[in-house]
Asker: 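Questions regarding the structure given below will be posed in turn.
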Amino acid sequence: MGIKISWEEFARRMGVEPQILENREARLLKRFVGEISYPSHCRFCQGLDLTNPNPVHHPSYELTPACNHDCIFCYSNVAVKLGRAPKPGYYGWDDPKAITVSQYGEPLLSPRIVEVNRMLRERFPNARLDLQTNGSLLTEELWEKLDFDIAMISLDAASREGHLKITNADTFEAVVNALRIVGKDKSVRSVVRTIFMPGINDGDIPKIAELASSLGVDEMHLQPLTIHELNVERLRKAGLDFEKAESIRELLKAAMKAGEYIDVRISGCLLAQLKRMDALTLFSVKRVAREVAPVVKRERQK
């Protein structure tokens, strides 16, 4: 039975001094991943615990599956078309640490938004309340009636034309105004939520970061794109680079550029995995971005 030796020792026996492969970009990515913080919204999320075999998202209160935007990437749209959108109500458990309003549809379309906000404060006084909205319906008057700890406003383009292409709604200025409203309210953690869509909006991401920062927004939550089968053709027509959409390297490079203007974060459940990877793995790893339909793993309570 032969004696096993390392490749380094084998090289030396052959008269060659082994050298470590150097990749400067890989080292920069590793440093960035090591230094970046988890998104404010992801704090307390089960996805940060890599020992959990079946993590679920924060509890949520769903108000309506309806939306005044028709985004080319939207999972909520897919759920509606497949008849899988959750009914209005609370999806979670007793004594939650955080609740999102809401993960499907546009919550500000509902006339019950203020009522539900107050009910959640009373029922779960120790829970952090996160508002997730496209922002197009947010006004100063409505904001004064709401009480959230984190306000996440979705914006995926830096111009009216780009916004219209992605959302099929001419609401760019209204969304910018929503960012302005939450950005100047320092009692709330304000977040611009942006989906990374290379070939469609990768050039806009630093501009969105700069715009949001100028409006006083605290954080950018840059999310990788999940490609649902019903959205594939729309994304293709819009110019999505499907290969880059699955590249962690491309996502991190976009985040690094945005980080020149704002406190940028990437999705916590993904970041928890990336922090365990070595530099060369980060440089080459791909993520599985394809799904058929979103699934709500939490039970609805009455």
Side-chain angles (χ1 to χ4, degrees), residues 20-60 73 75 96-98 100 103 128 130 132 149-150 152 154 156 189-198 201-202 205-206 208-209 212-213 217-227 241-291 294-295 297-298:
I20 297 174
L21 180 65
E22 182 71 3
N23 186 320
R24 181 176 178 274
E25 186 176 5
R27 287 191 288 109
L28 289 175
L29 296 178
K30 177 62 178 176
R31 184 186 308 160
F32 178 72
V33 167
E35 294 175 349
I36 193 173
S37 300
Y38 290 102
S40 300
H41 171 63
C42 296
R43 190 178 175 217
F44 304 131
C45 182
Q46 293 182 17
L48 300 187
D49 180 6
L50 297 182
T51 66
N52 188 330
N54 190 32
V56 300
H57 288 119
H58 293 309
S60 70
F73 61 84
Y75 66 84
K97 293 185 177 180
T100 302
Q103 291 183 346
R128 190 190 74 221
D130 299 355
Q132 182 169 291
D149 301 295
I150 296 178
M152 297 179 288
S154 295
D156 301 298
R189 178 74 175 176
S190 54
V191 180
V192 60
R193 181 172 169 265
T194 303
I195 307 297
F196 174 60
M197 293 178 280
N201 75 343
D202 40 337
I205 288 173
I208 297 170
S213 180
V217 174
D218 300 310
E219 178 184 325
M220 170 181 267
H221 185 159
L222 184 63
Q223 292 189 249
L225 173 68
T226 296
I227 303 167
D241 186 323
F242 286 83
E243 183 176 351
K244 285 187 175 181
E246 295 186 329
S247 168
I248 293 299
R249 178 171 76 250
E250 296 298 330
L251 172 68
L252 293 177
K253 285 164 62 178
M256 290 171 71
K257 289 180 181 178
E260 297 175 12
Y261 303 99
I262 198 169
D263 180 3
V264 67
R265 320 278 180 95
I266 62 174
S267 300
C269 50
L270 174 62
L271 182 58
Q273 299 178 59
L274 300 185
K275 284 182 177 290
R276 301 177 66 180
M277 295 180 184
D278 61 67
L280 291 179
T281 301
L282 282 172
F283 184 79
S284 59
V285 71
K286 303 280 186 179
R287 58 180 288 272
V288 177
R290 301 277 185 145
E291 281 191 10
V295 177
K297 297 181 180 179
R298 306 171 307 276

Asker: Is it true that a side-chain atom of Lys275 and a backbone atom of Val33 form a donor plus acceptor pair closer than 3.5 Å?
Answerer: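 Present.
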Asker: What are the two closest heavy atoms between Val191 and His221, and how far apart are they?
Answerer: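 Smallest interatomic distance, heavy atoms only, reads CG1-CB, 3.7 Å.
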Asker: Start with the C-alpha gap between Asp218 and Asp263, add the side-chain angles, then the distance that decides, and say whether side-chain contact (heavy atoms from CB on, under 4.5 Å) holds.
Answerer: CA-CA 7 Å; Asp218 300 310; Asp263 180 3; over 6 Å; no
Asker: Contact between Asn201 and Thr194 at the side-chain level, heavy atoms closer than 4.5 Å - yes or no?
Answerer: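 Of all side-chain heavy-atom pairs linking Thr194 with Asn201, at least one is under 4.5 Å.
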Asker: Within a radius of less than 6.0 Å around CZ of Arg43, do more than 12 heavy atoms belonging to other residues, nucleotides or ligands occur?
Answerer: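 No, the 6.0 Å shell around CZ holds no more than 12 heavy atoms from other groups.
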Asker: Roughly how far apart are Leu270 CG and Ile248 CD1, rounded to 0.5 Å?
Answerer: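 So the CG of Leu270 and the CD1 of Ile248 are separated by 4.5 Å.
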Asker: Return the CG to CZ distance between Leu225 and Phe73, rounded to the nearest 0.5 Å.
Answerer: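 Going from the CG atom of Leu225 to the CZ atom of Phe73 covers 8.0 Å.
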Asker: Quick check: do Ile262 and Ile208 have side-chain heavy atoms less than 4.5 Å from each other?
Answerer: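 No; the side chains remain at least 4.5 Å from each other.
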Asker: Taking the side chain as every heavy atom from C-beta outward, state whether Arg276 and Leu50 have any pair of such atoms under 4.5 Å apart.
Answerer: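 Yes, close enough: below the 4.5 Å cut-off.
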Asker: Which value, rounded to the nearest 0.5 Å, describes the distance between Leu251 atom CG and Asp202 atom CG?
Answerer: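 These two atoms lie 11.0 Å from each other.
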Asker: When rounded to the nearest 0.5 angstrom, what distance separates NZ in Lys286 from CD in Glu250?
Answerer: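 Rounded to the nearest 0.5 Å, the NZ-CD separation comes out at 7.5 Å.
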Asker: When you compare the side chain of Met220 with that of Tyr261, does any pair of heavy atoms fall below 4.5 Å?
Answerer: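 No, side chains not in contact.
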Asker: Apply side-chain contact (heavy atoms from CB on, under 4.5 Å) to the pair Thr100 and His57, showing each step before the final yes or no.
Answerer: CA-CA 9 Å; Thr100 302; His57 288 119; over 6 Å; no
Asker: Go through the steps to decide whether Ile36 and Leu252 satisfy the test side-chain contact (heavy atoms from CB on, under 4.5 Å), and finish with yes or no.
Answerer: CA-CA 10 Å; Ile36 193 173; Leu252 293 177; over 6 Å; no
Asker: Does any part of the side chain of Pro224, heavy atoms only, come nearer than 4.5 Å to the side chain of Ser267, both counted from C-beta?
Answerer: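 When only atoms from C-beta onward are counted, Pro224 and Ser267 do touch, with a gap below 4.5 Å.
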Asker: How close do Tyr38 and Gly268 get, counting heavy atoms only, and between which atoms?
Answerer: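 For Tyr38 and Gly268, the tightest heavy-atom pair comes out as CE2-O, 3.6 Å.
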Asker: For Lys30 versus Ala279, what's the shortest heavy-atom pair and its separation?
Answerer: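 That closest heavy-atom pairing would be CB-CB, 3.8 Å.
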Asker: Test your reading of the model: is there a side-chain donor-acceptor pair from Arg290 to the backbone of Ile227, 3.5 Å cut-off?
Answerer: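 Side chain of Arg290 to backbone of Ile227, a donor-acceptor pair under 3.5 Å: no, none is there.
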Asker: Please report the closest heavy-atom contact between Leu48 and Cys42, naming both atoms and the distance.
Answerer: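 Leu48 and Cys42 have their closest heavy atoms at CD1-O, 3.5 Å.
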Asker: Is there a side-chain contact between Phe32 and Val264 in this structure, where contact means two heavy atoms from C-beta onward sitting under 4.5 Å apart?
Answerer: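 Of all side-chain heavy-atom pairs linking Val264 with Phe32, at least one is under 4.5 Å.
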Asker: Do Ile150 and Glu219 have side chains that approach each other closer than 4.5 Å (heavy atoms only, starting at C-beta)?
Answerer: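 With C-beta onward as the side chain, the pair stays apart.
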Asker: Evaluate the ring planes of His58 and His41, with Trp represented by its six-membered ring, and classify them as parallel (under 30°), tilted (30 to 60°) or perpendicular (over 60°).
Answerer: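 Answer is perpendicular, since the angle exceeds 60°.
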Asker: I need the Arg27 CZ to Leu280 CG distance, nearest 0.5 Å.
Answerer: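 Spacing of CZ (Arg27) from CG (Leu280) equals 10.5 Å.
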Asker: Any non-hydrogen side-chain atom of Tyr75 less than 4.5 Å from a side-chain atom of Thr226?
Answerer: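 Tyr75 vs Thr226: side chains apart.
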Asker: Which heavy atom in Pro59 sits nearest to a heavy atom in Ala98, and how many Å separate them?
Answerer: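 Result for this residue pair: CD-O, 3.3 Å.
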Asker: What's the spacing between Arg265 CZ and Ser40 OG if we round to 0.5 Å?
Answerer: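 OG of Ser40 is found 4.5 Å from CZ of Arg265.
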Asker: Heavy-atom count check: over 12 atoms from other residues, nucleotides or ligands less than 6.0 Å from Arg31 CZ?
Answerer: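 At most 12 heavy atoms, drawn from other residues, nucleotides or ligands, come within 6.0 Å of this atom.
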Asker: Return the minimal non-hydrogen interatomic distance between Gln46 and Asn54, and the atom names on each side.
Answerer: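 Scanning both residues, the minimum pair turns out to be OE1-O, 4.2 Å.
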